[in-house]
Amino acid sequence: MADHDSEANRFSARASRYARVGANVGGVAARMAGAKLFGGKEAPTNAAALAQALGGLKGPIMKVAQLLATVPDLLPPEYATELQKLQADAPPMGAAFVKRRMMAELGANWQTRFQSFDLKPAAAASLGQVHRATALDGTRLACKLQYPDMQSAVEADLKQLEVAFALHRRMSSWLDTREIAKEIGARVREELDYEREAKHAVLYGNVLRDIDAVRVPAIHKDLSTKRLLTLGWLDGDRILDFAQSPIEIRNRLAQSMFKAWWHPFSRAAVIHGDPHLGNYTVFSEGGEAQGINLLDYGCVRIFHPRFVGGVVDLYRGLLTNDNARIVHAYETWGFKNLNKELVEILNIWARFIYGPILEDRTRTVADGVKPGEYGRRQAFEVHQALKQRGPVTIPQEFVFMDRAAVGLGAVFLHLRSELNYHRLFEAEIDRFSLSDLEARQGEALKSAGLPLPI
C-alpha cells in the first residue's frame, strides 16, 4: 500500500463535515431558539430530535455526545438520557463500503487472508463497526473497521465541541470547561489510532493475566492496521441479561467488573475510561456466568503514578477525617486556589464517589437510585454550591477518572449487586507504594510498546 495517507486530516473533508453537522443539527437548533442547551427546561422531543440528528451523522460528534452525557449535570437530564442511547444504536454501513475499506487496509486480495469474513457487521458504533471473521487456521476473529475520513471528522467535530463549551462558559461562568474539552479531545483522537488501541489491549492482557474473572482478547497484528483492528472473538452475553439472575451471579459479575477497572489502575495507573454496556459481555462455563469479556480499548487513560497516589490519599483522608491529606490529594490532581469552602464543596462529590469503599460492610452502591440517575443529585448539589462561590477549573486528568467511577457505579446498580466494596478496594491498594507503582507501570508500558505518561 502507498505511503501517502489519503485519509489524513484534510481541509476539504473537514469542510464537508462542517456542512453535514450543520445540516443535521441546524433544524433541531432552530427548534431550540431562545432556550438554553446547557441548562433550563427543554422539551423531551427536542432532546430526542438532537439525539436522532447526531446518531445519523456517525463518527466523533456522536462519541462526543456520549462523553458529554456521562458527565453528571453538564447537560439537562432529558438530553443526557437521549444521548446515552447513542452508545449502541448507530446504523451500520453496507457491504460495498466494507469491501472498499478492507481493500484499502489489507490490499486487493484481502479476502484470501481469511477463511471467512461476514460483510454484515456484528456491531456498529461511533467510529467504526465490528465484523465476524475466521482466520486461515480456524481462529474466530472480531475485525473492527474504522469509517472513512474519521481524522478530518474528529477535528471538525472537536471544533463544534469548543463552540459548545464556550457557550457553556458564558452561561455558567462558575465552571471552567477548558480542561474538560482538552481531555475529551485527546481521548477521541487516540481512539482513531487502532495501532495504539492494540497496544492498550496488550497492556490489559498483561496486567489482567492472573485475573481469571476478566478476559482480554488476543491481538492479531498480521491482520491489523492503523484503521483495522483484528482481535480474537470472545463469546458472551449482554450483562443486562443477568439483571434478574440470583444474587450470587450478580455479585460475581459485579466483582469481575470491579477487578477489570481497578486492578489495572492500582497495578499500572491505567483505567478504562468508557464503562458503558457495549464494551463488555459475560462469559459462562458449565452453563453459569463466570466473569466478563472486556472488549474495547480505544478510550484508555494512562495516568502518572502520582495521580493514583492522590486517589489513595483522598480515600485514606476521608476514612480518617485527615483534612491535610484530603487537601494534598486535590492539589496532587491539579486543583488550584483551594480554600476551606472549596474543599468542603469538593468533599460532597468525593464522599459520594468514595462512599461504597469507605464503609466496611456489604451494601449496594446506592440504595433506591436508578442507573441513569447515579451521581446526578450530588453533581447538582456541588454545581449549585460552586455557582455561589465562583469559577473553578476541573483538572484534565480528573475527567475520565470521574466518568469511569460514575459509569461503573451505574453497572453495579443495573446488577443490584451487594458487595463489601471497602474490602475489595483495600485488597487493590494493599501495601501501596508510589515507587513500586512507578516501576510496575514502566515495565508494563514498555512491554506493550506504550510511552510513559508525562
- prompt: If you measure from OH on Y330 to CG on L346, what distance do you get to the nearest 0.5 Å?
  reply: 5.0 Å
query: Should E428 and L424 count as side-chain neighbours, where that means a heavy-atom distance under 4.5 Å?
result: no
- prompt: So, are R196 and E191 salt-bridged, with charged N and O less than 4.0 Å apart?
  reply: no
query: Aromatic rings F335 and W333: how do their planes relate, parallel, tilted or perpendicular, breaks at 30° and 60°?
result: tilted
- request: Please assess I271 against W262 for the test side-chain contact (heavy atoms from CB on, under 4.5 Å), listing each intermediate value before the final yes or no.
  value: CA-CA 7 Å; I271 200 163; W262 300 122; 3.3 Å; yes
- prompt: To the nearest 0.5 Å, what is the distance between OG1 (T230) and CG (L106)?
  reply: 7.0 Å
- prompt: Does the side-chain contact (heavy atoms from CB on, under 4.5 Å) test come out yes or no for E197 and E190, once each step is laid out?
  reply: CA-CA 8 Å; E197 183 174 347; E190 281 185 359; over 6 Å; no
field: Check: L223 and F114 side chains under 4.5 Å, non-hydrogen atoms
entry: yes
query: Are the side chains of F265 and M401 in touch, meaning some heavy atoms are under 4.5 Å apart?
result: yes
- request: Find the distance between CZ (R187) and CG (L192) and round it off to the nearest 0.5 Å.
  value: 12.5 Å
field: Student check: side-chain heavy atoms of L231 and I219 closer than 4.5 Å
entry: yes
- request: For the residue pair F258 and F412, categorise the inter-ring angle as parallel (less than 30°), tilted (30 to 60°) or perpendicular (more than 60°).
  value: parallel
message: Quick one, I353 and V406 - any side-chain contact, counting heavy atoms below 4.5 Å?
response: yes
message: Let me confirm one number: the CD1-CD distance from I454 to E397, rounded to the nearest 0.5 Å.
response: 10.0 Å
- request: First locate atom CG of L203, then atom NZ of K199, and finally report the distance between them rounded to the nearest 0.5 Å.
  value: 12.0 Å
task: Would you check if T139 and H220 make a side-chain contact, meaning some heavy-atom pair closer than 4.5 Å?
output: yes
Lys/Arg-Asp/Glu bridge criterion (N-O < 4.0 Å) met for K226, E105: no
message: Check E438 with R306, please: is the shortest side-chain N to carboxylate O separation under 4.0 Å?
response: no
task: Might you work through the side-chain contact (heavy atoms from CB on, under 4.5 Å) test for V311 and F307, ending with a clear yes or no?
output: CA-CA 7 Å; V311 170; F307 186 88; 4.1 Å; yes
field: Identified side-chain contact (heavy atoms from CB on, under 4.5 Å) partner of V270 from the options L450, L445, I302, V308
entry: I302
- request: In sequence, state the C-alpha distance, the side-chain angles, and the governing distance for D235 and R140, and then conclude on salt bridge (charged side-chain N to carboxylate O under 4.0 Å, His left out).
  value: CA-CA 10 Å; D235 284 322; R140 292 184 304 150; 2.6 Å; yes
message: Using side-chain contact (heavy atoms from CB on, under 4.5 Å), reason through W233 and R132 one step at a time and then give a plain yes or no.
response: CA-CA 8 Å; W233 184 274; R132 290 178 182 263; 3.1 Å; yes
Residue pair L229 / Y194: nearest heavy atoms and the distance that separates them: N-CD2, 3.6 Å
Residues K144, D296: salt bridge by 4.0 Å N-O rule: yes
query: Is L228 close to L145 at the side-chain level, that is, under 4.5 Å between some pair of heavy atoms?
result: yes
- request: Give the minimum heavy-atom separation between D118 and H131, together with the two atoms involved.
  value: O-ND1, 2.9 Å
query: Is the closest side-chain heavy-atom distance between R227 and Q151 below 4.5 Å?
result: yes
query: Would a distance-only check, ignoring hydrogens and angles, find a side-chain to backbone donor-acceptor pair under 3.5 Å from Y147 to G128?
result: yes
Any donor-acceptor pair under 3.5 Å from R113 side chain to D222 backbone: yes
query: Would you find a donor on one side and an acceptor on the other, under 3.5 Å apart, between the side chain of H200 and the backbone of V300?
result: no
query: Is the number of heavy atoms from other residues, nucleotides or ligands under 6.0 Å of N337 CG greater than 12?
result: no
- prompt: Looking at N206 and R209, what are the two nearest heavy atoms and their distance?
  reply: OD1-NH2, 2.7 Å
message: Minimum heavy-atom separation for F242 and D237, please, with both atom names.
response: CE1-CB, 3.8 Å
field: Sidechain N-carboxylate O distance under 4.0 Å for E443, R440
entry: no
message: How close do A350 and L314 get, counting heavy atoms only, and between which atoms?
response: CB-CD2, 4.0 Å
- request: Answer yes or no: is there a donor N or O on one side and an acceptor on the other, between the side chain of Y280 and the main chain of M257, under 3.5 Å?
  value: no
Euclidean distance, I239 CD1 relative to L415 CG, rounded to 0.5 Å: 4.5 Å
query: Shortest non-hydrogen contact from F432 to L437?
result: CE1-CD2, 3.9 Å
